[in-house]
Amino acid sequence: MTITEERTATTVETDGIEMDEPSEQPLEPSPNTLDTLFEWLERMPVPEGYKVEIVEGTVYMSPQRGTHWETIADIYEQLRTRYPRKRVLSDVRIDFPGQLNGFACDVVALAEGWTKDAQGRYRHQDVEFVAEVISKGTAMNDYGTKKTAFATAEVPVYVIADPYIGRCRVFTDPQGGEYKSDLRLAYGKPIDLTGTAVGITITTDEFPKD
């Protein structure tokens with residue numbers, strides 16, 4: 001296991017990154033191993049204001065900036081026009097397909113009739129929307145490992161908001177571990193999800209830029 005703390009002050013344009021396809025079928029996470037890692041993290045002095053998650057066995061700590069939070073809050077408020085409060089989550093552990101993937105997604109919307117597993121945790125099978133706001137140093141996860149995990153879990157809609165370039169990527173129609181539809185929208189353009197399980201249009205006019 002390795003720990004990555006995001007501290008870099010530089011970034012590159014993350015939209016359109018080409019990632020290598022995995023050579024093997026993703027493995028189901030080992031709950032016992034992930035539980036051990038998260039229990040260990042709970043005993044660590046994690047700095048206040050940092051998001052912590054495990055991606056393929058690597059622990060990532062990312063600072064939550066004001067721009068980051070404003071975008072999350074905007075998406076959350078718009079989802080609440082359709083979803084009850086208990087079906088919209090932020091920064092809550094959900095284990096996804098792949099080797100040691102315990103994500104704390106920025107925004108998650110759960111399907112109607114969702115349930116928790118035997119350990120009392122939310123299940124990836126109930127997730128029908130995920131949004132991630134790009135952070136410096138972890139963009140490759142959002143465009144790579146996480147996207148593959150969400151597609152493998154057949155999450156109907158995955159949105160990436162990138163405040164550094166003022167653009168969203170909207171992934172829909174998961175099939176065979178990949179998204180068949182990939183739409184790029186500049187901030188200010190609406191994200192029309194009326195034809196998906198989400199059933200609403202998310203406006204991006206007020207998404208802040210960094």
Is the positively charged end of K147 above the ring of Y179, judged by distance under 6.0 angstrom from the centroid and angle within 45° of the axis?
no

Determine, stepwise, if the pair D106 / D91 fulfils side-chain contact (heavy atoms from CB on, under 4.5 Å).
CA-CA 5 Å; D106 288 331; D91 199 18; over 6 Å; no

Does atom CD of E206 have more than 12 heavy-atom neighbours from other groups under 6.0 Å away?
no

Is it the case that atom NZ in K86 sees more than 12 heavy atoms from other parts of the structure closer than 6.0 Å?
no

For the residue pair [X] and [Y], what are the closest heavy atoms and their distance?
| X | Y | answer |
| --- | --- | --- |
| D205 | G188 | OD2-O, 3.7 Å |
| A197 | R82 | O-NH2, 3.3 Å |
| A109 | L79 | CB-CD1, 4.4 Å |
| Y83 | V198 | OH-CA, 3.4 Å |
| T196 | L193 | OG1-O, 2.7 Å |
| K209 | G166 | CE-CA, 4.0 Å |

Treat each ILVMFWY residue as a node, draw an edge where side-chain heavy atoms are under 4.5 Å apart, and state whether [X] and [Y] are in one component.
| X | Y | result |
| --- | --- | --- |
| V92 | V155 | yes |
| I94 | F171 | yes |
| V88 | I202 | yes |
| Y164 | I75 | no |
| V107 | I160 | no |

Calculate, to the nearest 0.5 Å, the distance between atoms [atom1] and [atom2] belonging to [X] and [Y] respectively.
| X | Y | atom1 | atom2 | result |
| --- | --- | --- | --- | --- |
| R87 | E112 | CZ | CD | 5.5 Å |
| N101 | T145 | CG | OG1 | 7.0 Å |
| T67 | D210 | OG1 | CG | 3.5 Å |
| E56 | T148 | CD | OG1 | 8.5 Å |
| I72 | E77 | CD1 | CD | 12.0 Å |
| H124 | L110 | NE2 | CG | 13.0 Å |

Partners passing ring pair (Phe, Tyr, Trp, His ring centres under 6.0 Å) against W69 (at least two apart in sequence or in another chain):
none

So Y143 and D162, side-chain contact (heavy atoms from CB on, under 4.5 Å) or not? Walk me through it.
CA-CA 11 Å; Y143 284 104; D162 191 331; 3.9 Å; yes

Would you mind reporting whether [Y] and [X] have side-chain heavy atoms less than 4.5 Å apart?
| X | Y | answer |
| --- | --- | --- |
| H68 | P163 | no |
| Q175 | D173 | yes |
| Y122 | L89 | yes |
| Y76 | R85 | yes |
| R184 | R167 | yes |
| I191 | C168 | yes |
| T203 | Q78 | yes |
| R169 | Y158 | no |

Would you find a donor on one side and an acceptor on the other, under 3.5 Å apart, between the side chain of T138 and the backbone of I134?
no

For the backbone of T115 and the side chain of D126, can you confirm whether one donor and one acceptor N or O come within less than 3.5 Å of each other?
yes

Hey, could you give me each pair passing ring pair (Phe, Tyr, Trp, His ring centres under 6.0 Å) that has a residue in residues 190-210? Not counting sequence neighbours.
Y187-F207

Output yes when E53 and K146 qualify as a salt bridge under the 4.0 Å nitrogen-oxygen rule, no when they do not.
yes

One pair to check against side-chain contact (heavy atoms from CB on, under 4.5 Å): T81 and I200. What are the steps and the verdict?
CA-CA 9 Å; T81 63; I200 63 172; 4.2 Å; yes

Please evaluate residues V52 and V59 with respect to the criterion side-chain contact (heavy atoms from CB on, under 4.5 Å), reporting the C-alpha separation (whole Å), side-chain torsions for both, the decisive distance (0.1 Å), and the verdict.
CA-CA 7 Å; V52 180; V59 178; 3.9 Å; yes

Close aromatic pair by centroid cut-off 6.0 Å: F103 and F150
yes

